[in-house]
Amino acid sequence: MPFKEKVVNGRLIREFKEDTSSNELVWHRDREDRRVTILEGKEWLLQLDNQIPVVMQQGTIYEIP
């Protein structure tokens with residue numbers, strides 16, 4: 001997997017390297033809803049079905065159905 005994973009205060013934290021290829025992120029498509037909080041980084045994009053991509057903001061929680 002293209003990340004390091006740890007549990008902090010009962011929450012699963014996944015850290016991705018800045019140079020992770022987009023081809024390595026295809027595995028992340030699954031059937032579970034996700035709640036994602038951006039801890040740090042910049043210019044990551046989120047594109048939900050039938051929507052244009054948006055730049056994810058640090059500290060924001062994103063609900064991904």
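Nothing here was measured: the structure is a model prediction, and the numbers come from that model.
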*Which residues pass the side chain to side chain donor-acceptor pair (under 3.5 Å) test with Arg11, sequence neighbours left out?*
none
*How many angstroms lie between CD in Glu24 and CZ in Phe16, if you round to the nearest 0.5 Å?*
10.0 Å
*Output every pair passing salt bridge (Lys or Arg N to Asp or Glu O under 4.0 Å) with a member in residues 56-65, not counting sequence neighbours, ordered by first then second residue.*
Arg35-Glu63
*asked:* Going by side-chain contact (heavy atoms from CB on, under 4.5 Å), name the residues that satisfy it together with Thr37, two or more places apart in sequence or in a different chain.
replied: Leu39, Ile61
*asked:* Tell me every residue that passes side chain to side chain donor-acceptor pair (under 3.5 Å) with Lys42, counting only those two or more places apart in sequence or in another chain.
replied: none
*Hydrophobic clusters join Ile, Leu, Val, Met, Phe, Trp and Tyr when side-chain heavy atoms are under 4.5 Å apart, directly or via other members; which others share one with Val7?*
Leu12
*Can you sort out the partners of Lys6 under side-chain contact (heavy atoms from CB on, under 4.5 Å), two or more places apart, ordered by chain and number?*
Val8, Ile13, Glu15
*Taking all non-hydrogen atoms of both residues, which atom of Pro2 and which atom of Thr20 are closest, and how far apart?*
CB-CG2, 3.8 Å
Tell me which donor-acceptor pairs under 3.5 Å the side chains of residues 44-57 have, and how far apart each pair is, sequence neighbours excluded?
residue, atom, partner, partner atom, Å
Gln47, NE2, Gln51, O, 3.0

*asked:* Test of understanding: with side chain to side chain donor-acceptor pair (under 3.5 Å), list the residues that count as partners of Glu43, not counting sequence neighbours.
replied: none
*For Glu40, what residues pass the side chain to side chain donor-acceptor pair (under 3.5 Å) criterion, not counting sequence neighbours?*
none
